[in-house]
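What follows is a short report on a single structure.
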Amino acid sequence: MDDLFATPDPAQRVAELRAELEHHNRLYYTEAAPEISDADYDKLFRELEQLEGKHPELVDANSPTQRVGGEPIEGFEQVRHLVPMLSIDDVFELDPESTDTPEAELIEFYQRLRKNLGREDIAVTIEPKIDGVAVSLVYRQGRLDYAATRGDGETGDDITHNVRTIRSVPLTLSATDSGPPSLLEIRGEIFMPSEAFAAMNEERDEQGLPTFANPRNATAGTLKQLDPKKVAERPLDFLAHGLGAYEGPELATEDEFGRLLESLGIPRNQPLIAAANLGETLAAVGRINHERHDLPYGTDGAVIKVASYEERRTLGFRSRAPRWAAAYKFRPEQKETTLKAITIQVGRTGVLTPVAELEPVLVSGTTVSRATLHNQEEIERKDVRIGDTVLIEKAGEIIPAVVKVIAEKRPAEATPFSLYDHVGGQCPSCGGPIAREEGFVAWRCGNFECPAQAVSKIRQFASRKALDIDGIGEIVAEALVRRSICTTPLDLFTLEEHQLGTLNLGSDEEPRRFGEKNAAKVVAALDRARSKPLDRWLFAMGIRHVGESASKELARLHRHLDDLPDSEILHALRDSARLEEERKRISPRNKDHPPADDAEKEERQKQHDELKQRISELEQRIAPYEVSPDVGPVASDSVLTFFESEAGQHVLKRMSELGLRPESANHLPKPSEADAADLPLAGKTVVLTGTLSVGRDEMKRLLEAKGAKVTGSISKNTDYLVAGEGGGSKRDKAGKLGVEIIDEDRARRLIG
Ligand code: IVH
């Protein structure tokens with residue numbers, strides 16, 4: 001390959017490298033028989049990358065370097081299929097409305113074939129039906145030209161940018177003796193292998209991302225992405241099962257098509273069972289039903305196709321489906337078992353999930369002893385009780401689910417389940433308070449220091465956009481928690497370099513040390529984190545509803561973390577939302593709860609107007625801050641609730657012990673300071689005494705918002721004493737010093 005004496009021609013070397021990489025890619029992904037090590041593959045890959053970098057004219061969309069995903073696209077172009085993408089009309093499944101069994105329908109289908117072809121025995125093939133998304137791959141002169149979805153069968157979306165990232169889709173076809181066909185349209189299925197799907201969902205759950213209901217949804221969702229780099233991260237796979245447009249050497253049977261695919265390096269769906277007659281056909285369907293749980297992908301049926309291409313042409317089509325193909329749907333295996341208990345799992349993001357603990361049963365190939373019940377609402381909807389006999393199946397043949405309760409078998413002592421009561425209102429992992437947000441079904445533990453959430457909280461804390469502690473990823477965070485070195489993110493600040501260096505990231509049998517160098521880096525990053533600005537710290541704490549932009553806005557409005565619990569702005573935002581709810585509730589025009597009589601109507605109108613007044617005061621008070629919608633009542637409530645909780649108090653205390661006092665980098669002076677001179681009470685000093693109808697704190701805020709300075713004791717510099725009921729000694733002193741004494745009404749007029 002490397003001729004020492006030849007002048008290397010970059011174009012030729014690039015072509016060689018591409019062919020070689022595609023060859024090894026195929027051995028690895030399609031044939032599962034790699035011949036070179038990952039390191040050697042990477043070496044070739046890097047050489048190609050470098051050459052392409054140096055010679056932009058040689059860049060090619062079908063280069064193996066494009067598998068990591070090219071540039072995002074703006075939207076999907078439409079492509080017209082060369083040959084319509086049909087589907088299968090003859091789908092045989094168990095129908096509770098009908099007396100026909102799927103077996104009987106399959107026999108009828110076979111009899112129609114007999115009648116149309118005028119023969120008794122017809123050769124067919126039987127293969128599993130892949131639960132994925134149909135795709136059409138068009139190769140011209142052995143190069144992938146485009147890939148498209150089915151769409152309406154006539155035109156589909158061009159998804160080439162995404163399909164290129166799927167390693168089992170060849171970008172160039174391996175050469176055969178006669179070269180690749182000039183045109184080859186492959187029909188197949190893109191899917192997510194069951195195991196990879198489960199792992200991806202688990203990871204998403206850990207990261208607090210929504211999980212996918214089944215592999216097919218995950219696949220369809222992924223293929224709709226505009227950014228191929230995101231697609232490249234998802235474990236998609238491809239298998240071929242049919243032929244569309246074709247120009248090349250004559251193909252007579254499914255068998256010959258299979259050999260062509262093999263020679264070109266295109267992976268084909270397996271097993272492909274040949275059956276020579278009806279008996280063999282039924283047996284093959286039975287065999288696939290039996291073996292389907294061992295397949296790497298989810299399947300709920302088998303596809304039966306006439307083997308001879310000549311006979312397919314004779315049979316032809318009916319509207320949008322061929323007469324030569326049928327699908328047989330397997331019934332999902334369902335088993336009855338008893339629900340022994342309901343336990344509560346605290347997820348890594350703090351969600352409390354009820355889990356059914358079952359008497360173990362074998363379902364679709366594996367023993368099932370637990371199934372998620374999702375949430376309290378689901379338990380109520382299905383009326384699941386402990387002690388019940390329940391019907392279990394695997395949703396999408398993968399995730400165990402409780403289908404329903406067998407009501408007739410309910411024991412007398414079975415009682416309804418309440419998640420909240422079961423855990424006594426406390427997180428079963430840390431004892432922290434649990435809460436359910438409005439509009440959400442899930443109960444959550446909001447404790448920053450909850451051990452069940454330790455790993456995810458530490459990761460969030462150390463992430464790039466938070467405190468950017470490089471070196472603390474999933475594996476290190478897990479090891480720190482597993483070895484009880486850290487139970488909360490703040491524990492990171494007590495780590496010693498030596499302790500980190502010897503941290504075992506592996507198992508006891510196969511230890512793997514974190515290493516001194518890495519440890520030194522982490523310690524340095526932790527040191528830098530100490531002086532990171534407040535917005536980073538806020539984001540790092542992972543308080544619900546406080547994302548990046550809310551953190552920035554909170555830091556603009558406050559100087560220190562410990563200013564938040566008493567924040568005038570946050571209290572006003574929360575209070576005005578609460579008062580607004582109350583206002584709506586008591587409004588005499590509330591249709592759900594109308595006043596009983598005129599007297600009540602009048603009373604409620606009065607309260608309503610008062611509330612309206614208070615809300616408008618609150619709004620006016622914070623108006624000068626021009627708070628962005630990133631910090632609304634929901635975020636405010638979340639922040640205040642957090643700092644009011646024991647957990648939040650503990651965080652503040654711990655931070656002060658650790659000498660951590662993050663400061664805002666973008667804090668704006670209070671508008672009252674900036675524009676103080678313009679406010680009606682600017683320069684006035686006021687003292688409060690006696691009982692005021694709104695409370696003294698409230699009056700203090702109102703006055704301050706108008707520019708007044710409110711102090712605790714009277715001096716000759718005091719301008720006004722606002723005196724409510726009582727309040728003797730200050731009154732006397734004001735009198736002596738000649739300070740003007742005003743009542744609440746007068747004070748309100750001054751405030752405006
Ligand atoms: S052959 C003319 N084989 O199921 C259609 N289809 O409704 C012939 N599918 O659109 C299809 N696995 O996307 C065939 N092994 C398989 C399949 C399969 C999944 C999809 C395919 C088709 C739909 C049938």
Side-chain angles (χ1 to χ4, degrees), residues 81-93 102 105-106 109 112-113 124-138 147-157 159 163 166 168-169 185-194 214-217 219-220 223 236-246 251 253-255 257-258 261 266-275 281 284-285 287-289 291-292 295-309 311-330 396-397:
H81 295 301
L82 302 173
V83 170
M85 266 180 101
L86 305 167
S87 65
I88 300 177
D89 264 358
D90 289 302
V91 181
F92 315 137
E93 59 190 319
E105 290 187 68
L106 177 57
F109 166 76
R112 279 199 299 277
L113 294 179
V124 296
T125 59
I126 300 96
E127 64 186 281
K129 190 169 188 301
I130 306 162
D131 197 14
V133 173
V135 69
S136 172
L137 308 177
V138 173
T149 61
R150 189 218 310 271
D152 63 3
E154 298 288 333
T155 48
D157 287 341
I159 52 166
V163 171
I166 303 171
S168 44
V169 172
E185 185 179 27
I186 293 296
R187 298 285 162 79
E189 220 69 14
I190 295 176
F191 61 95
M192 215 173 263
S194 315
N214 57 53
R216 206 169 53 76
N217 285 2
T219 306
L223 290 175
L236 293 183
D237 209 336
F238 165 80
L239 285 172
H241 57 58
L243 180 63
Y246 176 68
L251 291 173
T253 60
E254 189 62 39
D255 217 32
F257 174 55
L261 289 177
I266 300 172
R268 198 208 186 288
N269 187 29
Q270 300 286 353
L272 180 70
I273 308 174
T281 305
V285 169
R287 189 182 126 194
I288 289 183
N289 189 13
E291 292 173 1
R292 67 188 163 122
L295 289 169
Y297 50 79
T299 176
D300 62 350
V303 179
I304 301 105
K305 292 184 246 184
V306 170
S308 150
Y309 282 19
E311 286 176 351
R312 288 189 188 181
R313 279 189 287 273
T314 310
L315 289 161
F317 302 89
R318 190 179 45 204
S319 66
R320 295 180 50 192
R323 286 204 186 84
W324 46 262
Y328 181 104
K329 286 274 192 82
F330 303 124
E397 296 290 310

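Atoms within each ligand, like the ligands themselves, are counted from 1 in listed order.
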Notebook entry, point to check: Under 4.0 angstrom from ligand 1, any heavy atom of M85?
Noted result: no
Next item on the list: Would you check the N or O atoms of A134, main chain and side chain alike, for any that come under 3.5 Å of an N or O of ligand 1?
Entry: no
Next item on the list: Number the atoms of ligand 1 from 1 as they appear, then name those within less than 4.0 Å of a heavy atom of E127, with their elements.
Entry: 15 (N), 16 (C)
Checklist line | For atom 13 (O) of ligand 1, the option (of R187, K129, E189) bearing the nearest heavy atom | finding: E189
Check: Of all the non-hydrogen atoms in the protein, which one sits nearest to atom 1 (S) of ligand 1, and at what distance?
Finding: K305 NZ, 3.4 Å
Next item on the list: Using modelled atom types only, decide if a donor and an acceptor are shared between the side chain of R150 and the backbone of P84 within a distance under 3.5 Å.
Entry: no
Checklist line | Shortest protein heavy-atom distance from atom 12 (N) of ligand 1, along with the residue and atom involved | finding: I130 N, 2.9 Å
Next item on the list: Starting from atom 22 (C) of ligand 1, locate the nearest protein heavy atom and write down its residue, its atom name and how far away it is, to 0.1 Å.
Entry: R150 NH2, 4.1 Å
Check: Strictly by modelled atom types, are D237 and S168 linked by a side-chain donor-acceptor pair under 3.5 Å?
Finding: yes
Notebook entry, point to check: ligand 1 versus A327, non-hydrogen atoms closer than 4.0 Å: side chain, backbone, both, neither?
Noted result: neither
Note to self: Centre-to-centre under 6.0 Å for F92 and Y328, is that the case here?
What the structure shows: no
Next item on the list: Kindly assign one of parallel, tilted or perpendicular to the pair W324 and F317, based on the angle between their ring planes and the thresholds 30° and 60°.
Entry: perpendicular
Next item on the list: Can you figure out which of Q270, R320, H241 has its heavy atom closest to atom 6 (N) of ligand 1?
Entry: H241
Check: So which heavy atom in the protein is nearest atom 7 (O) of ligand 1, and how far is it from that ligand atom?
Finding: I88 N, 3.3 Å
Next item on the list: Check each of P322, G188, G132 against atom 2 (C) of ligand 1 and report the one with the nearest heavy atom.
Entry: P322
Next item on the list: Using atom types as modelled and distance alone, determine if a side-chain donor or acceptor of R323 lies under 3.5 Å from a backbone N or O of L315.
Entry: yes
Next item on the list: Would you indicate whether R112, at its atom CZ, is surrounded by more than 12 heavy atoms from other residues, nucleotides or ligands within a distance under 6.0 Å?
Entry: yes
Item checked: Contact summary for L236 and I166, nearest pair of heavy atoms -> O-CG2, 3.7 Å
Margin query: Give the atom numbers and elements of ligand 1 that come within less than 4.0 Å of a heavy atom of N269.
Written below: 15 (N)
Note to self: For L272, is there any backbone N or O sitting under 3.5 Å from a side-chain donor or acceptor partner on T125?
What the structure shows: no
